[in-house]
Engineer: 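The structure follows.
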Amino acid sequence: MGFLRCAFTCVILALFFVWTGSGRSVFEWMRPDNFDEIMDKLSSVTEENCRSKPKHELELPGASVSQKPRYNMLLTSVIYSNRSQLLHLHNMALNRAHYYSFIYQRLNRSVDFNYQPGLMYLYMSATADVTASEGFLNGSAIFFDNHCYYPNWYNKILDFNKTTPLFGPRAWREDDYAETTNYLREPTNRTVDIHDYGAGWNKNYSNQAYKTAPWYSPWMPDITGEQDSLTKFTYVVGIKFSNKTGTFIDNEFVAIPYFGPPQPGINDREENSPSLPVQWSKPYFDCGRSNKWIVTASAPVVEYMPRYSPFIHLRRPRTVAVSAMDIEFERIDINPCPISDGNPEPNYFAGTARCKPTTMCEVIPGYGFRRGGYQCVCKPGYYYPWWHDGPFLGIEIEQATGTEYDAWFDCLAVEEQMVPPNEMPSFVERKKRSSSLQDRFIDVISAADSSPRVSMGKLSTTENAGKRQKRSASKKVNKLVAKRSAFKTVKQRMQERRFIPRYPGEKRFMRHKRDLFDQEMYSRMEKILYRKQTTNKENCMTKPDYELYLPGDAGYGADKRFEAEARTALRLAHFLCDFLQNIDEYEDFGSVRGDKRLNETHIFGEVLANVMSNFKILGSGVFFDRYKFRMSPPINNTDPRFVHGITREYFGPFAYTYMSADTDGLEKFRALDYAGLKSPYTQKRWFRDMKARWQTNFEGLKQYTAKPMVRSDPNGTSLVRWEHYPLKYFAPKYEHGEWLRPTFKCDGMVDEWVVTYIAPFFGTNALKTRLEFHGVVTVDVKLDFLEIHQCPGDYSVANAFKNTARCHFKSQYCIPLPLQTPTQRYLRGGYKCECRQGYEYPFNDLSWFFDGQMMEEEYNKMLRGEPNRYDTLKCRIAGAASITLSWVLLSISSFIYLLWTRI
Ligand SMILES: *[C@@H]1O[C@H](CO)[C@@H](O)[C@H](O)[C@H]1NC(C)=O
Ligand SMILES: *[C@@H]1O[C@H](CO)[C@@H](O)[C@H](O)[C@H]1NC(C)=O
Ligand SMILES: *[C@@H]1O[C@H](CO)[C@@H](O)[C@H](O)[C@H]1NC(C)=O
Ligand SMILES: *[C@@H]1O[C@H](CO)[C@@H](O)[C@H](O)[C@H]1NC(C)=O
Ligand SMILES: *[C@@H]1O[C@H](CO)[C@@H](O)[C@H](O)[C@H]1NC(C)=O
Ligand SMILES: *[C@@H]1O[C@H](CO)[C@@H](O)[C@H](O)[C@H]1NC(C)=O
Ligand SMILES: *[C@@H]1O[C@H](CO)[C@@H](O)[C@H](O)[C@H]1NC(C)=O
Ligand SMILES: *[C@@H]1O[C@H](CO)[C@@H](O)[C@H](O)[C@H]1NC(C)=O
């Protein structure tokens with residue numbers, strides 16, 4: 001009997017280990033990888049110890065931020081939504097670089113000196129970059145090189161033509177949770193600190209020993225001029241000014257050339273090529289400042305130096321400053337999947353995902369620097385086991401124990417795959433079923449059953465040694481479970497009828513319902529796309545007005561997709577709010593001259609910078625309400641009417657990209673003052689609507705706070721508070737602006753299908769007693785950059801294209817899959833049809849889904865009566881594993897049977 005008992009125990013133990021996979025300990029399967037290495041680096045540096053650390057310990061490898069947008073690939077490759085923050089950073093750095101290059105070269109005569117942007121202009125511009133781009137960027141700065149900045153606000157103590165050593169106002173979003181006025185003790189994200197980095201205790205950022213200025217060395221000091229042809233570029237913008245309502249000063253565009261950031265060739269593939277206009281820094285610890293790990297995008301500001309010199313031949317364009325935008329490193333999505341087409345080198349975190357060999361890794365956006373931002377989908381030729389609906393999520397895998405990991409996250413092989421037919425289904429290639437797979441399947445099922453039984457631990461005291469053994473084994477498992485009791489076990493989560501949306505807005509029914517195609521919507525979509533295609537620059541004049549619009553729901557998704565572009569307009573609105581509400585042209589502060597009024601050229605520069613820094617923006621304008629734009633009195637003015645300046649009836653600078661034949665298709669940029677047009681813009685629907693909303697009611701506007709610290713003297717001996725500290729202003733949020741429906745702008749300027757975002761801005765009335773609506777800022781974004789969403793949508797979603805995907809919903813469900821055409825995405829077919837649970841992809845062609853474009857194409861062929869294979873593009877019912885003979889199971893069961901009969 002003793003022998004038998006022992007044998008029995010052994011068998012049970014053996015079975016147990018077969019069931020639960022290998023006996024590896026809990027976290028043994030998680031080996032340290034590159035993620036841990038970076039994590040260690042991050043946590044070894046703190047606010048307290050960073051000053052004593054050497055420079056290389058305050059930096060991470062450049063490859064830890066992968067897929068940085070490169071200027072010359074923006075139009076040729078798709079920038080995914082997981083890079084939209086970096087793209088915005090890139091574009092904003094370029095935006096400021098263009099603006100300052102333009103304004104300092106345009107206002108370069110000595111009489112213009114006082115019209116140049118003043119001290120607060122620079123501060124407020126940086127503030128607006130930060131406050132308007134919540135969620136995108138947290139820091140904005142312009143850093144001037146040694147003796148490259150001519151302060152026009154020190155004209156009382158510094159001679160004209162004198163420079164400051166260094167000057168670098170930088171705005172940073174402050175964590176204001178501890179502020180006395182913040183009774184909620186929750187960061188409002190609306191407070192900004194602005195410090196002049198060229199002043200105070202650690203001011204020499206041009207020094208090699210300055211550890212946290214990675215934006216300095218790529219551009220400055222620019223002394224020799226060897227690479228001038230590579231690093232500078234002459235831009236020409238055309239501007240048509242107006243000084244009187246309804247007429248232009250000159251009917252021709254005044255061409256204004258200026259030197260600006262470089263323009264790379266399309267073949268400059270190197271990441272740090274000097275001809276790229278925007279350079280990325282390695283992630284670094286911003287020691288003593290924000291004390292965060294940040295990444296900076298920087299772009300050069302170019303100017304003729306020395307600016308005021310009678311020796312013209314000694315002057316040359318020189319990089320005088322960099323504009324720098326910062327984002328927190330932790331906010332940047334990492335891609336833990338192995339290197340592949342969509343995940344090119346260099347990527348420091350490649351391969352840190354833990355997908356099993358039967359699955360493929362896909363990234364999930366929005367995770368930032370965290371583990372688990374991926375999911376494992378079945379490889380072509382595999383399907384999900386019956387107990388798991390959809391992909392294995394990275395967070396679940398990362399929380400699994402070794403045992404769970406071994407048992408759970410595998411896909412099962414599809415058998416009898418067919419070779420895809422070329423035209424008509426002609427033959428079917430059959431493969432032999434392998435029996436080893438069945439075994440694995442049974443293993444998985446039994447593992448699924450075994451663990452809960454064991455973990456229930458209901459076995460009370462028995463004398464049975466075998467049972468005791470088993471119990472100790474069960475305790476082991478229980479411990480594993482208990483250790484992680486804070487989480488639900490992976491098993492539990494899998495057993496719940498869970499639903500994880502695979503795209504924003506996906507509901508459970510969309511994956512299970514069988515009838516999700518809407519013929520009416522489909523015909524409507526065809527009409528919309530037809531109108532879009534047939535309207536162009538040549539014929540738009542002949543079309544009736546209503547044909548120049550698409551319905552509002554045809555612009556579905558623009559608010560998400562083009563948020564960065566809209567925030568470019570919002571930034572300008574924030575700047576104008578700050579400036580108009582806080583600047584008093586009569587104020588002077590001891591040695592510092594206060595800012596004066598806005599100049600027309602400033603606003604022209606701002607709108608031009610908006611279109612020049614972002615390919616998607618075709619037009620951008622600022623439209624002042626009637627009699628709200630105040631001009632300075634003319635120089636040497638004696639006319640008493642103009643002592644306090646005059647207001648212009650209309651002022652509406654509008655910049656747009658301009659393609660013309662005579663420039664060989666080279667893009668040029670033009671701007672004109674809408675005031676010169678015959679019909680006033682204030683009568684336009686979009687302007688009247690915005691004004692009607694904001695004319696009397698300012699409910700909802702948010703108050704922003706800026707805390708400017710300025711230098712105490714021209715040398716920047718110390719930092720002191722600005723006279724007005726803090727500065728507060730009311731400004732709109734992103735939601736306060738409005739997206740207009742897709743429109744063909746047939747105005748001889750933009751001549752394209754665009755969606756327009758409009759943001760209001762506010763000044764004060766003449767007595768500075770209350771807010772007043774002062775106008776709107778607009779951006780026109782090219783509609784072709786928007787992709788359409790054909791997958792099923794909820795009934796409440798205003799999307800003209802929902803429920804038009806041609807998937808076979810009985811066996812498939814629809815997932816958006818952006819088209820791989822970066823500049824032309826407003827087309828059908830941007831989705832894929834994946835097999836539903838219980839169905840499998842039947843073809844042996846290294847794919848696991850049906851592409852939307854193919855579905856549309858075959859469907860159209862079918863409609864036209866051509867040969868097609870639309871009917872074969874379906875998933876088939878997954879083959880249930882048939883019960884076949886397993887030698888192991890057979891011998892074990894006969895062994896047990898034998899034992900049993902003997903007892
Ligand atoms: C100002 O800039 C323009 C164009 O770049 C140039 O032609 C002109 O000489 C400059 N004027 C002065 C005073 O530097
Ligand atoms: C501030 O920003 C954080 C992080 O972006 C966000 O979680 C939080 O909700 C924001 N706070 C407010 C009041 O908007
Ligand atoms: C507008 O400019 C033109 C050309 O410089 C000038 O002749 C005209 O007097 C100006 N008009 C006003 C109202 O300033
Ligand atoms: C401005 O400064 C430069 C360099 O210091 C000098 O060459 C030039 O003569 C000065 N110009 C004027 C108008 O003072
Ligand atoms: C900006 O700062 C806030 C508060 O510190 C932080 O929560 C957020 O992640 C930061 N955002 C970016 C884009 O860096
Ligand atoms: C961003 O998403 C795309 C498509 O989902 C993917 O190919 C790419 O690797 C992702 N990039 C990063 C850095 O996560
Ligand atoms: C803008 O600057 C120019 C000089 O470049 C000046 O003639 C004009 O009056 C200024 N406009 C305003 C509104 O200050
Ligand atoms: C600034 O520094 C220079 C050189 O270090 C010195 O000559 C000058 O007097 C200083 N200016 C002021 C206002 O302190």
Side-chain angles (χ1 to χ4, degrees), residues 65 83-89 92 102-118 121 129-140 152 171-179 182-193 239 241-243 249 254 256 283 286 289-297 325-333 366-370 563-564 567 579-580 583 585 595-605 624 628-637 639 642 644-648 651 653 673 675 702-705 733-735:
V65 180
R83 283 292 170 265
S84 57
Q85 285 174 323
L86 289 187
L87 183 62
H88 187 57
L89 219 63
M92 285 311 291
F102 171 80
I103 204 77
Y104 286 128
Q105 289 173 60
R106 173 66 185 158
L107 299 179
N108 62 354
R109 295 170 307 159
S110 36
V111 290
D112 294 332
F113 190 54
N114 285 332
Y115 290 117
Q116 283 185 355
Y121 193 109
D129 293 343
V130 175
T131 56
S133 301
E134 193 178 326
F136 282 82
L137 55 87
N138 267 359
S140 163
N152 61 357
W172 180 262
R173 192 188 311 283
E174 189 199 276
D175 195 354
D176 59 352
Y177 83 97
E179 210 124 290
N182 187 355
Y183 54 88
L184 284 180
R185 291 285 174 268
E186 215 177 71
T188 62
N189 304 338
R190 293 200 302 271
T191 306
V192 172
D193 272 328
I239 302 188
F241 295 94
S242 154
N243 58 357
I249 294 182
V254 182
I256 301 172
D286 193 26
R289 303 291 188 174
S290 60
N291 292 318
K292 298 259 170 73
W293 286 89
I294 62 178
V295 175
T296 301
M325 302 282 155
D326 313 310
I327 184 175
E328 260 181 70
F329 173 67
E330 285 179 25
R331 273 303 191 97
I332 303 174
D333 280 0
Y367 267 73
F369 177 69
R370 259 200 299 159
E563 182 171 347
R567 286 189 183 274
F579 199 93
L580 297 173
I583 297 299
E585 68 211 83
D595 278 42
K596 299 299 167 213
R597 287 177 184 160
L598 289 172
N599 190 290
E600 300 96 329
T601 316
H602 296 164
I603 315 288
F604 271 111
F624 280 83
K628 288 292 181 277
F629 184 72
R630 286 153 66 77
M631 305 217 310
S632 308
I635 299 172
N636 301 333
N637 135 67
D639 189 336
F642 294 155
H644 298 296
I646 38 171
T647 53
R648 280 187 49 180
F651 181 52
D673 189 347
K702 291 287 176 200
Q703 191 174 40
Y704 293 84
T705 309
K733 284 167 65 104
Y734 175 55
E735 296 75 28

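By convention here, the first residue in the shown sequence is residue 1. Indexing begins at 1, ligand by ligand and atom by atom, following the structure's order. When reading the values below, keep in mind they use all heavy atoms of this one structure, side chains included, and skip hydrogens, waters and symmetry mates.
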Engineer: Got a sec, which residues hit salt bridge (charged side-chain N to carboxylate O under 4.0 Å, His left out) with Glu563, two or more places apart in sequence or on another chain?
Structural biologist: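 In terms of salt bridge (charged side-chain N to carboxylate O under 4.0 Å, His left out), with neighbours along the sequence ignored, Glu563 is linked to Arg567.
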Engineer: Out of Ile103, Asn599, Asn152, which residue meets the side-chain contact (heavy atoms from CB on, under 4.5 Å) rule with Gln116?
Structural biologist: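 Single side-chain contact (heavy atoms from CB on, under 4.5 Å) partner of Gln116 among Ile103, Asn599, Asn152: Asn152.
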Engineer: Between Asn599 and ligand 7, does any nitrogen or oxygen pair lie at a separation below 3.5 Å?
Structural biologist: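 For ligand 7, there is an N or O atom that lies under 3.5 Å from one belonging to Asn599.
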Engineer: As a quick check of understanding, evaluate side chain to side chain contact (heavy atoms under 4.5 Å, CB included) for Phe241 and Asp673, giving each step before the final call.
Structural biologist: CA-CA 6 Å; Phe241 295 94; Asp673 189 347; 5.8 Å; no
Engineer: Pairs of nitrogen or oxygen atoms closer than 3.5 Å, one from Arg331 and one from ligand 2: do any exist?
Structural biologist: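 Checking ligand 2 against Arg331, an N or O pair does fall under 3.5 Å apart.
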Engineer: Taking only heavy atoms of Leu107 into account, list the atoms of ligand 7 that are under 4.0 Å away from them.
Structural biologist: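 Taking each heavy atom of Leu107 in turn, ligand 7 has 5 (O) under 4.0 Å.
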Engineer: Which of the numbered atoms in ligand 5 are below 4.0 angstrom from a heavy atom of Phe136?
Structural biologist: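 This gives 13 (C) as the contact atoms.
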Engineer: For atom 5 (O) of ligand 5, what is the closest protein heavy atom, and at what distance to 0.1 Å?
Structural biologist: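 So the nearest neighbour among protein heavy atoms is Lys292 NZ, 3.2 Å.
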Engineer: Among all protein heavy atoms, pick out the one at the shortest distance from atom 10 (C) of ligand 2; state its residue, atom name and that distance to 0.1 Å.
Structural biologist: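 Going atom by atom, the protein heavy atom closest to atom 10 (C) of ligand 2 ends up being Asn189 ND2, 2.4 Å.
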Engineer: Roughly how far, to the nearest 0.5 Å, is CG of Asp129 from CG of Asn138?
Structural biologist: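 Interatomic distance, Asn138 CG to Asp129 CG, rounded to 0.5 Å: 12.0 Å.
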Engineer: Under 4.0 Å from a heavy atom of Pro187: which atoms of ligand 2 are those, numbered in the order shown and with their elements?
Structural biologist: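 Counting from 1, the qualifying ligand atoms are 11 (N), 12 (C), 13 (C).
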Engineer: So, 4.0 Å and heavy atoms of Glu600: is ligand 7 close enough to count as a contact?
Structural biologist: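 A heavy atom of Glu600 does come that close to ligand 7.
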Engineer: For the side chain of Arg173 and the backbone of Leu137, is there at least one donor-acceptor N/O pair under 3.5 Å apart?
Structural biologist: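 Yes.
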Engineer: Of the backbone atoms (N, CA, C, O) and the side-chain heavy atoms from C-beta on, which set of Glu328 has a member under 4.0 Å from an atom of ligand 5: side chain, backbone, both, or neither?
Structural biologist: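 Within the 4.0 Å criterion, Glu328 contacts ligand 5 through backbone and side-chain atoms alike.
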Engineer: Output yes when a protein non-hydrogen atom is found under 4.0 Å of atom 1 (C) of ligand 5, and no otherwise.
Structural biologist: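 So far as the 4.0 Å threshold goes, atom 1 (C) of ligand 5 is in reach of a protein heavy atom.
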Engineer: Using heavy atoms and a 4.0 Å limit, tell me yes or no: is Leu598 in contact with ligand 7?
Structural biologist: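 It does; at least one heavy atom falls under 4.0 Å.
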Engineer: Near Asp112, which atoms of ligand 7 are under 4.0 Å from a heavy atom of that residue?
Structural biologist: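 Listed by number with element: 4 (C), 5 (O).
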Engineer: Answer yes if a protein heavy atom lies under 4.0 Å from atom 14 (O) of ligand 5, otherwise answer no.
Structural biologist: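 Protein heavy atom within 4.0 Å of atom 14 (O) of ligand 5: present.
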Engineer: Show the nearest heavy-atom pair for residues Ala171 and Val192, with the distance to one decimal.
Structural biologist: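 Minimum heavy-atom contact is CB-CG1, 3.6 Å.
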Engineer: Atom 7 (O) of ligand 2: protein heavy atom closer than 4.0 Å?
Structural biologist: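 No.
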Engineer: Tell me, please: is Asp175 in heavy-atom contact with ligand 5, that is, under 4.0 Å?
Structural biologist: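 No heavy atom of Asp175 comes that close to ligand 5.
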Engineer: What residue and heavy atom of the protein are closest to atom 3 (C) of ligand 5, and at what distance?
Structural biologist: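 The closest heavy atom on the protein side is Asn138 ND2, 3.6 Å.
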Engineer: Specify whether Phe136 and His88 have parallel, tilted or perpendicular ring planes, treating 30° as the upper limit for parallel and 60° as the lower limit for perpendicular.
Structural biologist: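 The rings of Phe136 and His88 stand perpendicular, inter-plane angle above 60°.
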Engineer: I need the Arg331 CZ to Leu89 CG distance, nearest 0.5 Å.
Structural biologist: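 Result: 12.5 Å between the selected atoms.
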Engineer: Working to the nearest 0.5 Å, report the span between CZ of Arg630 and CZ of Phe651.
Structural biologist: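 Here the interatomic distance stands at 15.0 Å.
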Engineer: Can you find a pair of side-chain heavy atoms, one from Arg83 and one from Ile332, that are under 4.5 Å apart?
Structural biologist: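 Heavy-atom side-chain distance check passes, below 4.5 Å.
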